[in-house]
There are 2 protein chains.
Amino acid sequence: MEPIRVLVVEDDPIAADAHAEYVRRLDGFALAGVARSGAEAMALLSAASAGGAGAQAGPPGIDLILLDMNLPDAHGLDLLRRVRGLGLPADVIAITAVRELQVVRSAISAGIVQYLIKPFTYSAFSDKLGAYREFRLNLIGQAASTTQSEVDQAFASLRPAAPASLPKGLSEDTLRAIIGQLKTLEEPVSAAEVASTLDLSRVTARRYLEYLADGRSVRRSSRYGTRGRPEFEYRWAQ
Amino acid sequence: MEPIRVLVVEDDPIAADAHAEYVRRLDGFALAGVARSGAEAMALLSAASAGGAGAQAGPPGIDLILLDMNLPDAHGLDLLRRVRGLGLPADVIAITAVRELQVVRSAISAGIVQYLIKPFTYSAFSDKLGAYREFRLNLIGQAASTTQSEVDQAFASLRPAAPASLPKGLSEDTLRAIIGQLKTLEEPVSAAEVASTLDLSRVTARRYLEYLADGRSVRRSSRYGTRGRPEFEYRWAQ
DNA sequence: ACTCTTGCGTTCATACTGGTCGCGGCCTCC
DNA sequence: GGAGGCCGCGACCAGTATGAACGCAAGAGT
């Protein structure tokens, strides 16, 4: 199996090095280049496609782009649109600190294959690229013509349902329920209030809220004015 | 929730009518138009985006395109590239009889969201669009900023449901028995309850239920309130 | 200013289920 | 008729929410 040729597009030199190193560490991938700007990326892409496209077995050609959204000379989405306009056969994984919903939404409709939010761990990175490799194997291993279930299979491997791992004692379901509860309410809520709404015990609710506060997803503050020990109240951050 | 506005692009009048009718039958979707050619599609798209883009609450705008690959005046992939080049925020589901691997591959890298091979049943169609609706709810229901796990969640809901063939360790008979059991009961049931009703072991029942939950045929949720480790309860979806 | 009251934070033991491993019966294919 | 694989089961271990008990911090009362 030929390796998947990867182009890293990232203006921050430290991050670019890190991504390149990550790619080198993975089996089945080959680093095809690093671009520090949108212009550089376009140049590399057209050079590669001029060399390798068209021909059946052209050796170069970029298979996968790891694309940062914040580039010095262009927004990542613009670059993505230009690439699409050229009809280059490269897939794109967005790797960026941008977490605005609007950008995520646009990136997805522009046809990215994965969206990875910085900062991330090596294992998150490896998961995403691994999923992409599997997706590729699923499609390319097939004959020239395919079936619905094969296509479904390929899509399935591209969209894994493997969220980040939680510390012991916490469950994915409960965490989602609590996050959902927090997000629907604008007001800060106490652990006891969350507990009674979700039919949980106060202790359990508190454990999850404390975990979220630890990860900076929620803000914790004290609620004074009532008798008794002051209560903590939690509010979804941002 | 506003309906998802769908544009059907299909040159065969019979198929176009069928797709339009299918869309009308689905909750949460609205038919925004039918185009018989690439040119017509581009005209409708730019009209819609001129009316509705830019503005925050523009009512029109196309959210989703059901795109045939074989159009009289252009290949579907070309149309797709032009749409992408304009940066329109529409997502695309390819619906086509074309099953060449090369086309599927290109369509995916051009950023389609699903690929549906004709001929298909209404239920296959409904599955694909339902998955897309869920994906949208996942993303749009969120606040302005998002997290990695939410993005993953959204991608995961785009993943097609059950693979056609059963994984090892599961038998057709047992699966049918369990599905039958779930369908007759309206109430969510725990793995242990299913097991005792069907005279199976808890382990076996759980394996099947988990398989079904993975394929999105059943919904899994936690049952709180009692002491001890929380129980999962399973309910037939729709 | 000191103590009392109050109610939540925190810890701990407990209960009950989920998940995994290896075994055994049964069917199928040599 | 023997061998191999498949599927369900029992039993263990780990996981996860609960409830009670204890302690602490802020207001209320004297």
May I ask you to verify if any side-chain N or O of B:Tyr208 is less than 4.0 angstrom from the OP1 or OP2 atom of D:dC7? no

With A:Leu80 as partner, the option from A:Val9, A:Leu67, A:Ile65 fulfilling side chain to side chain contact (heavy atoms under 4.5 Å, CB included) is A:Leu67

Tell me which of A:Pro230 and A:Ala205 sits closer to the 5' end of DNA chain D, going by the nucleotide each one is nearest to. A:Ala205

Output yes when A:Arg133 and A:Asp27 qualify as a salt bridge under the 4.0 Å nitrogen-oxygen rule, no when they do not. no

Scan B:Arg206, B:Arg223, B:Arg202 and name whichever one has a salt bridge (charged side-chain N to carboxylate O under 4.0 Å, His left out) with B:Glu193. B:Arg223

If I take atom CG in residue A:Leu198 and atom P in nucleotide D:dT16, what distance separates them, rounded to the nearest angstrom? 18 Å

Taking any heavy-atom pair under 4.0 Å as a contact, classify B:Thr174: base, sugar-phosphate, or nothing. sugar-phosphate

Per-nucleotide protein contact along nucleotides 19-24 of chain D, 5' to 3', at a 4.0 Å heavy-atom cut-off (B base, S sugar-phosphate only, - neither), is BB--BB

Whole angstroms only, please: what is the CZ-C1' distance between A:Arg220 and C:dT10? 12 Å

Report yes if a side-chain nitrogen or oxygen of B:Ser222 is closer than 4.0 Å to either non-bridging phosphate oxygen (OP1 or OP2) of D:dA17; otherwise report no. no

Roughly, in whole Å, what's the span from CD1 in B:Ile178 to C1' in D:dG8? 11 Å

At under 4.0 Å between heavy atoms, what does B:Asp173 touch on the DNA or RNA strands: base, sugar-phosphate, or nothing? nothing

A:Glu210 CD to C:dC8 P, in whole Å, measures 16 Å

For B:Arg105, look at atom CZ and say whether over 12 heavy atoms of other residues, nucleotides or ligands are found less than 6.0 Å away. yes

Between OG1 of A:Thr204 and OH of B:Tyr224, what distance do you get to the nearest 0.5 Å? 8.5 Å

Does CZ in B:Arg220 sit with more than 12 non-hydrogen atoms of other residues, nucleotides or ligands closer than 6.0 Å? yes

Take the protein atom CG of B:Leu175 and the nucleotide atom C1' of D:dG8, then report the distance between them rounded to whole Å. 15 Å

Whole Å only: how far is the CD atom of B:Glu172 from the P atom of D:dG8? 12 Å

Report yes if a side-chain nitrogen or oxygen of A:Ser171 is closer than 4.0 Å to either non-bridging phosphate oxygen (OP1 or OP2) of D:dA17; otherwise report no. yes

Whole-Å gap separating P (C:dT10) and CD (A:Glu231): 12 Å

Taking the nucleotide of DNA chain D with the closest heavy atom to each, which residue, B:Tyr224 or B:Arg207, is nearer the 5' end? B:Arg207

Would you kindly give the CD-to-P distance between A:Glu193 and C:dG7, to the nearest whole Å? 15 Å

Do we see a donor-acceptor contact under 3.5 Å between the side chains of B:Tyr132 and B:Arg136? yes

